Amino acid sequence: MLTSKERAALRSQANTLETTLMVGKGGVTEAVVAEAENQLTARELVKGKVLEGALMTPREVCDALCQSTGAEGVAVIGTKFVIYRFSEKKQEERNMTGRAKRKTLSAAKADPVRKGQRARRHAAQAQREQRNAYFRQQAIERAIEREREKQLRKG
């Protein structure tokens, strides 16, 4: 069962949809139900239209399709109706593309000024570490030299 907020969100998404399901004077036949099944599996949200020659009202068509496909009626306005059913296939597509598309950069990574500052800071830190390693090595070598000199004086 859809909540009113979910129904409103689906109605707003349906505004831009093209009408893809047509119900004629034959009413809700097996072919119409099969086509609705296919579209619901592929798209989740289907917009349909009841033609003037049909013997059923758009509300009756919507209810019959919902009952036979397991979908939920979102809206019926004039001769058009919108039905919705969750689709695992569509969810998998969203999961596959959603991770790559929704990955956003933080403000620090997106800002070129901060990026430059970070690069300069990193370079300066690397230079300090290199300089400290050099002086540490020089201190060790001097200490070893002093120890040798001490050994030579005593010996």
Side-chain angles (χ1 to χ4, degrees), residues 1-23 28 30-49 58-59 61-78 80-155:
M1 191 75 185
L2 294 172
T3 64
S4 61
K5 288 188 178 188
E6 291 170 336
R7 194 177 310 278
L10 291 171
R11 266 197 317 266
S12 69
Q13 289 176 16
N15 282 335
T16 59
L17 284 180
E18 293 292 320
T19 304
T20 55
L21 187 66
M22 301 289 183
V23 179
V28 181
E30 289 180 20
V32 172
V33 173
E35 183 61 28
E37 284 279 345
N38 291 339
Q39 288 186 17
L40 285 168
T41 303
R43 300 183 183 156
E44 288 187 343
L45 195 62
V46 175
K47 191 176 199 179
K49 181 176 182 178
R59 172 66 65 191
V61 170
C62 182
D63 291 341
L65 281 174
C66 288
Q67 187 176 10
S68 59
T69 61
E72 293 198 46
V74 174
V76 177
I77 299 173
K80 295 188 179 181
F81 61 92
V82 179
I83 56 177
Y84 169 81
R85 183 179 71 191
F86 178 79
S87 172
E88 290 291 332
K89 180 181 175 185
K90 190 74 171 172
Q91 183 63 35
E92 288 174 11
E93 289 175 12
R94 280 193 295 258
N95 288 343
M96 296 299 286
T97 59
R99 288 191 183 113
K101 287 186 176 181
R102 291 184 186 177
K103 188 174 183 180
T104 58
L105 295 174
S106 66
K109 290 184 180 177
D111 188 4
V113 174
R114 284 189 179 173
K115 190 175 182 180
Q117 288 174 342
R118 190 178 323 109
R120 287 189 296 276
R121 231 182 1 253
H122 182 68
Q125 183 180 2
Q127 188 178 18
R128 278 193 306 270
E129 288 174 1
Q130 185 179 15
R131 187 175 49 228
N132 289 342
Y134 171 78
F135 286 122
R136 198 174 304 120
Q137 185 63 33
Q138 291 296 320
I140 291 170
E141 289 175 6
R142 286 187 194 138
I144 292 172
E145 258 183 60
R146 277 187 253 140
E147 286 296 319
R148 284 187 190 151
E149 287 176 9
K150 282 184 185 178
Q151 293 294 327
L152 288 174
R153 287 186 203 151
K154 289 184 182 178

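Worth saying up front: this structure is predicted, and the values here are computed from it rather than measured. In this chain, numbering begins with 1 at the start of the sequence shown.
Here Q127 contributes atom CD and N132 contributes atom CG; the two are 10.5 Å apart, rounded to the nearest 0.5 Å. Of the inter-residue distances, the one linking T19 atom OG1 with F81 atom CZ reads 9.0 Å to the nearest 0.5 angstrom. Put simply, CG on D63 and CD1 on I83 are 11.0 Å apart, with the number rounded to the nearest 0.5 Å. The CZ atom of F86 sits 12.5 Å away from atom CG of L2, with the distance rounded to the nearest 0.5 Å. Atoms CD and CZ, on E129 and R136 in that order, are 9.0 Å from each other to the nearest 0.5 Å. Here K49 contributes atom NZ and E18 contributes atom CD; the two are 12.0 Å apart, rounded to the nearest 0.5 Å.
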**Q.** L21/L65 under side chain to side chain contact (heavy atoms under 4.5 Å, CB included): CA gap, chis, key distance, verdict
**A.** CA-CA 11 Å; L21 187 66; L65 281 174; 3.8 Å; yes
**Q.** E93 vs K89, salt bridge (Lys or Arg N to Asp or Glu O under 4.0 Å): CA-CA, chis, key distance, verdict
**A.** CA-CA 6 Å; E93 289 175 12; K89 180 181 175 185; 5.0 Å; no
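The shortest non-hydrogen separation linking C62 to G73 is SG-CA, 3.9 Å. Taking all atoms of both residues into account, the shortest heavy-atom contact from S12 to A9 is OG-O, 2.7 Å. Nearest approach of K47 to N15, heavy atoms of both residues: NZ-O, 3.9 Å. Counting all heavy atoms, side chain and backbone alike, P58 lies closest to G78 at CG-O, 3.1 Å.
Put simply, the side chain of R85 never gets that close to the backbone of C66: no donor and acceptor are under 3.5 Å apart. Between the side chain of E44 and the backbone N or O of K90 there is no donor-acceptor pair closer than 3.5 Å.
Contact check for R121 versus Q125: no side-chain heavy atoms found under the 4.5 Å cut-off. Looking only at side-chain heavy atoms (C-beta outward), L10 and E72 stay at 4.5 Å or farther from each other. Here the side chains of L40 and S87 are not in contact, with every heavy-atom distance at 4.5 Å or above. For the pair R11/V82, no side-chain contact is recorded, criterion being any heavy-atom separation below 4.5 Å from C-beta on.
Atom CD of E141 has more than 12 neighbouring heavy atoms from other residues, nucleotides or ligands inside a 6.0 Å radius. Counted within 6.0 Å of CD on Q130, heavy atoms from surrounding residues, nucleotides or ligands total 12 or fewer; the atom is thus considered open. Within a 6.0 Å radius of CD in E30, no more than 12 heavy atoms belonging to other residues, nucleotides or ligands are found. When the shell of 6.0 Å around CD of Q91 is examined, it contains more than 12 heavy atoms from other residues, nucleotides or ligands.
Using modelled atom types and a 3.5 Å distance limit, the side chains of Q39 and E35 yield a donor-acceptor pair.
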